[in-house]
Amino acid sequence: QVQLVESGGGLVQAGGSLRLSCADSGRAISAYGMGWFRQAPGNEREFVAAISWIASRTRYADSVKGRFTISRDNAKNTVYLQMNNLKPEDTAVYYCAADRSSGLYDERGKYEYWGQGTQVTVSS
């Protein structure tokens with residue numbers, strides 16, 4: 001059973017940085033594709049970034065390209081999202097997700113496992 005736990009969220013001023021982590025406390029996710037999504041109040045959950053299990057391929061939403069970096073450490077069963085130059089519009093609950101087929105998907109429905117989310121708030 002995959003059990004994803006996000007951490008690293010918090011309150012930061014615009015222009016600041018945060019690093020989110022997503023650890024699997026159950027089954028190893030080293031062979032899974034992993035993604036980050038976010039959901040702001042009143043909005044749909046949207047794609048942020050994805051990484052293949054080999055970690056050689058990544059994919060980003062246009063809104064975060066050049067500011068966010070997704071990476072993974074398979075030895076630690078952990079995926080990271082480094083967020084730089086944060087903007088108030090990045091405020092949301094951030095979720096990590098795992099995909100058994102190890103695709104590089106931007107669709108929520110492609111991911112079988114989800115964490116509970118971590119709040120990121122960016123003040124102006």
Worksheet item: Any side-chain heavy-atom pair from Tyr60 and Ile70 closer than 4.5 angstrom?
Response: yes
Worksheet item: Do Arg59 and Asp106 come close enough that some side-chain heavy atom pair is under 4.5 Å?
Response: yes
Worksheet, complete the sentence: What one should report as the nearest heavy-atom pair of Leu4 and Ala98 is CD1-N, 3.8 Å
Worksheet entry | salt bridge (Lys or Arg N to Asp or Glu O under 4.0 Å): pairs with one or both residues in residues 112-124, sequence neighbours excluded | Arg100-Glu112
Discussion item. Between Thr78 and Asp73, do the side chains contain a donor N or O and an acceptor N or O under 3.5 Å apart?
Written reply: no
Discussion item. Distance check, rounded to the nearest 0.5 Å: Lys87 atom NZ versus Ser124 atom OG?
Written reply: 14.0 Å
Worksheet entry | Pair Tyr105-Asp99, side-chain contact (heavy atoms from CB on, under 4.5 Å): steps then yes or no | CA-CA 9 Å; Tyr105 302 115; Asp99 152 43; 3.3 Å; yes
Response to the item:
Separation between CD (Glu6) and OG (Ser21), nearest 0.5 Å, reads 10.0 Å
Worksheet item: Once you round to the nearest 0.5 Å, how far does OG of Ser102 lie from OH of Tyr32?
Response: 10.5 Å
Worksheet, complete the sentence: Tightest non-hydrogen contact, residues Asp90 and Asn85, listed as OD2-O, 4.5 Å
Item to complete: Considering non-hydrogen atoms only, spot the tightest contact between Ser52 and Arg72 and give its length.
Response: O-NH1, 3.1 Å
Worksheet item: Hey, does the side chain of Thr91 reach the backbone of Thr121 with a donor-acceptor pair shorter than 3.5 angstrom?
Response: no
Fill in: Trp36 vs Cys22 side-chain heavy atoms within contact, under 4.5 Å
yes
Discussion item. Is there a continuous path of hydrophobic side-chain contacts, each under 4.5 Å between heavy atoms, that joins Tyr111 to Leu20?
Written reply: no
Discussion item. Please report the interatomic distance CD(Glu89) to CG(Asn43), rounded to the nearest 0.5 Å.
Written reply: 12.0 Å
Response to the item:
Correct closest heavy-atom pair for Ala40 and Ala92 would be N-CB, 3.8 Å
Practice prompt. Before giving the answer on side-chain contact (heavy atoms from CB on, under 4.5 Å), spell out for Gln82 and Ser17 the whole-Å C-alpha distance, their side-chain angles and the decisive distance to 0.1 Å.
Written response: CA-CA 7 Å; Gln82 177 67 44; Ser17 298; 4.0 Å; yes
Discussion item. With heavy-atom distances below 4.5 Å as the criterion, would you say the side chains of Val120 and Met83 are in contact?
Written reply: yes
Worksheet item: Would a hydrophobic clustering, with Ile, Leu, Val, Met, Phe, Trp and Tyr connected at side-chain separations under 4.5 Å, put Leu86 with Val93?
Response: no
Worksheet entry | Arg45 and Arg38, any side-chain heavy atoms less than 4.5 Å apart | no
Worksheet entry | In one Ile/Leu/Val/Met/Phe/Trp/Tyr side-chain cluster, 4.5 Å: Tyr94, Val12 | yes
Item to complete: Establish, for the pair Arg108 and Phe37, whether the NZ or CZ atom is under 6.0 angstrom from the six-membered ring centre and no further than 45 degrees off its axis.
Response: no
Fill in: Contacts of type ring pair (Phe, Tyr, Trp, His ring centres under 6.0 Å), residue Tyr80, not counting sequence neighbours
none
Discussion item. Within this structure, what is the CD-CD distance for the pair Gln119 and Gln39, rounded to the nearest 0.5 Å?
Written reply: 11.0 Å
Worksheet item: Do Asp62 and Lys65 sit within salt-bridge range, that is, some charged N less than 4.0 Å from a carboxylate O?
Response: yes
Item to complete: Taking the side chain as every heavy atom from C-beta outward, state whether Thr69 and Leu81 have any pair of such atoms under 4.5 Å apart.
Response: no
Discussion item. Applying a strict under-4.5 Å side-chain criterion to I, L, V, M, F, W and Y, I'd like to know whether Tyr95 and Leu18 cluster together.
Written reply: no
Worksheet entry | Joint cluster assignment, Phe47 & Trp53, ILVMFWY side-chain distance < 4.5 Å | no
Discussion item. To the closest 0.5 Å, what do you measure between CG (Leu104) and CD1 (Ile51)?
Written reply: 8.5 Å
